[in-house]
Amino acid sequence: MRGNSLLALNAGESGTVFGIVGNQLAAKRLADMGFVRGARLEMVRPGAPCIVRIDGACVGLGAGHQASIALS
Amino acid sequence: MTGYRDTRLANHAATTDGTLASPMSTTPSPDVLNPPKTVALVGNPNTGKTTLFNALTGFRQRVGNYPGITVERKTGAIRHELGETQLQAIDLPGAYSLNAQSADEAVVLEVLSGHDPSSPTPDLLVSVVDATNLARNLFFTSQLLELGMPAVVALNMVDAAEAKGLTIDAEALALALGVPVVPVVASKGIGVDSLKKAVIDALAAPVTAQCPSFPACVCSELDGLCESVGHADGECPTAGAPSERAALLQTLLDPGGHHEEQLIKRCGVRLADELAQRRQRIADSGESIVEVEAKIRYAWIERVVGDVVKRVRPPRKPRTEKVDSVLTHPIYGFVALIVVMTVCFQAVYTWAGPLMEAIDGVFSQVGAWLTAVLPAGPIQSLIVNGAVAGVGAVLVFLPQILILFLFIAILEDCGYMARAAFLLDRTMSKLGLNGKSFIPLLSSFACAVPGILAARTIEDRRSRFVTIMIAPLMSCSARLPVYTLLIAAFIPAKPLLGGFIGLQAAVMLGLYALGAIVAVVVALILQRTVLQGAAPPFLLELPSYNLPTPATVLYRVYEQGREFCISAGTVIFGVSIVVWALGYYPHPTSIAADHEAQRIAARQSAPSPEFLDMRLTEIDRSEAGNYLRHSLLGRMGRWIEPVVEPLGWDWRIGTAAIASFPAREVVIATMGTIYNLGDDQDENSIGIRAKLHSASWPDGRPIFNTAVALSIMVFFALCCQCGATLATIKRETNSWRWPLFTFAYMTALAYVGALVTYQVASRLI
């Protein structure tokens, strides 16, 4: 399922981060907040912005960031 | 500067064992003079850092600004009974990483590295971490520990972690991190004394922080970069310090970030090529530039946390998530938001009303008393009409501001504000704004000053500035009296849409809508012109809901109220005096003599005492009006008459408009004086309505009609007639450029708006 982005997850579905793709503004910020290869994510509320759970914390993510998080 | 002593050693170590800043030891020299030691509080947002700062300093704080940027700086003395060492704390803005996208975000590293000229170089840092969210908080902590300065970790909210079924072995964590770890509950003051003790002990102890090891390719490129930069600015005393190294790591690993921009500004474009080459070599060795730091640190954190955090109970669905299933819902969430905002604004208007009337009453009584006590003349007039009225004009808004900030502080402290920002981001981002722009803009319907102050919660500088620039376009409560007066006097009370809404109400609604719609257009233009650049996409951790801490909330309300009184008060006061002088001088004696003669004549011929009283009041008012007409202000009004004539205004309206530039609420009182009605007019006085109806041009045409009333209202809706707002913009943007810009664009907009309104309306009606 490589190449899927976070946009493809429905509410309640989980995924594993493959990496950050594209030349997204503030991509390093995204990585620093834990969106790195191997991190487990759960989609809490899909949409733009969406809410994902990572490491027990809920993070709101705008559409631009969602598209640049690739899932494996 | 003790932390930087053996920097070279650390650099050397980094090349051999792959550690960025290896464990090192420094002993601070015994200080004979014993100056206070500075302790910096650093941590992620929503870790209770400010609550801890309040608990440590006991609210004895000073608030300032960092020069050139827009982040507020708080310092305060830490009181303790643990020996002679004096301690002072700095509260740094919350951050997730040393990585910075703007100068505002870079302030943490600037202060910690001693580069910020306005702050003392910290001697120790306290990394505040949320125990319920330990792993994510340790990312920033691990960056901080590499700065090579003494550090203590404050493990906050341990009670909440226990409630979640987590136990954290503080001793094991201290061992793994190589620095003392103190469990605290800042909101209840638990562990604060132990924290103070740990800070004092750590100031005297060697630095032994543990840090993750980076891949060899990153280390060697970072070493090379440090060397190139060191050559480029050899005189820089901190070149090669661990903090410099930390900044260069962020430069190397964040293409296009703030640190890269700064470095190229400092060392020239040559470095841009070098950076690109070094990044290429890291990428060639199979590491992702933006991800490598996070990968290494999170892997390290996983090992640290694995031995330290024990789950004693399986996780249940936390309360926060149950609440969020409603509050972030696309429909129920909006309903809840509307309810919250309605309650908030209802409170602002209804609770503040009686208080505002009381303040107003006190000031007019003080004015009346002073008028009676002081001898008539310029001093009396200066004190009563300049000083007392000026201070009153500021203080009358204080109740609204305090109530608004009470709500904002509670909503923010409990965690709801992040949800409101989440819900509104989609709509606001289309306007180049941010989900967090909504609250400041909504607050501006009460008063732009607290609205602009509330924009501090927006991290993205560009969105924040756009928000600040358009906030004064929202129709604030000071515009309401102008609308009320002119609508009641000149807009017929006709039913519209089959009686669903009256014409008067529709005009009022239209004026509110006008401000908001123009604001949207201005926001769209601003982000394509003077505030260009893409806003970073929404990225916000939604904190767990907490009960707000009353002390923190009340202190924040107090701080904002004080700030309003100082920044707005001084300007409004100063400008009130200037306008008073313009309206008072030259005060020719001929007018007084003329009216005195009229008084004598009236006394001699009055048929009854009641009639005399009436006649004398009339003479007083005519005298005041005459003075104003002959004053500098009146002359200015006449001088600009050709400019305001196309708006349908005569010189008297022009004068009233000029007088209300410092504070628009004075317009009705000024119009009252200038039309010889006395300055005790308010929007509901029958006298002023009748007088406006009868005012005429020299050729006998009436001045006021529906088109003129609309033109005045549009002017007031769009114009920035508020010195307090401009002073607040200056303070918040740290430059005169933005208040001048706001003033210029709004005045131009108001003139054009009023011109179009009059020219169109006078032809249609």
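Proteins come first, then strands; the chains are lettered A, B, ... in the order of their sequence lines, and each starts at number 1.
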Around atom CD of B:E302, are there more than 12 heavy atoms from other residues, nucleotides or ligands closer than 6.0 Å?
no
OH (B:Y332) with more than 12 external heavy atoms under 6.0 Å
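No.
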Just so I understand: if I count every heavy-atom pair under 4.5 Å between each of [options] and chain B, which residue has the most?
options: A:G47, A:P49, A:G34, A:A31; value: A:P49
options: A:D32, A:I51, A:V36; value: A:D32
options: A:A63, A:A48, A:A39, A:G38; value: A:A48

Most contacts with chain A, counted as non-hydrogen pairs under 4.5 angstrom, among [options]:
options: B:T132, B:L253, B:T320; answer: B:L253
options: B:I289, B:N133, B:T328; answer: B:T328
options: B:K295, B:R136, B:E541; answer: B:R136

Name the region of [X], side chain, backbone, both or neither, that has any atom closer than 4.5 Å to a heavy atom of chain A.
X: B:E291; value: both
X: B:N44; value: neither
X: B:A299; value: neither

Report the C-alpha distance between B:L424 and B:N434 in whole Å, list the side-chain angles of each, state the deciding distance to 0.1 Å, and finish with yes or no for side chain to side chain contact (heavy atoms under 4.5 Å, CB included).
CA-CA 8 Å; B:L424 293 163; B:N434 186 294; over 6 Å; no
For B:A421 and B:K436, the nearest pair of non-hydrogen atoms, with its separation, is CB-CG, 3.5 Å
Between B:F139 and B:Y96 (judged by ring centroids, cut-off 6.0 Å), do the two rings come close enough to count as a pair?
no
For the backbone of B:G256 and the side chain of B:E260, can you confirm whether one donor and one acceptor N or O come within less than 3.5 Å of each other?
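Between the backbone of B:G256 and the side chain of B:E260 there is a qualifying donor-acceptor contact (under 3.5 Å).
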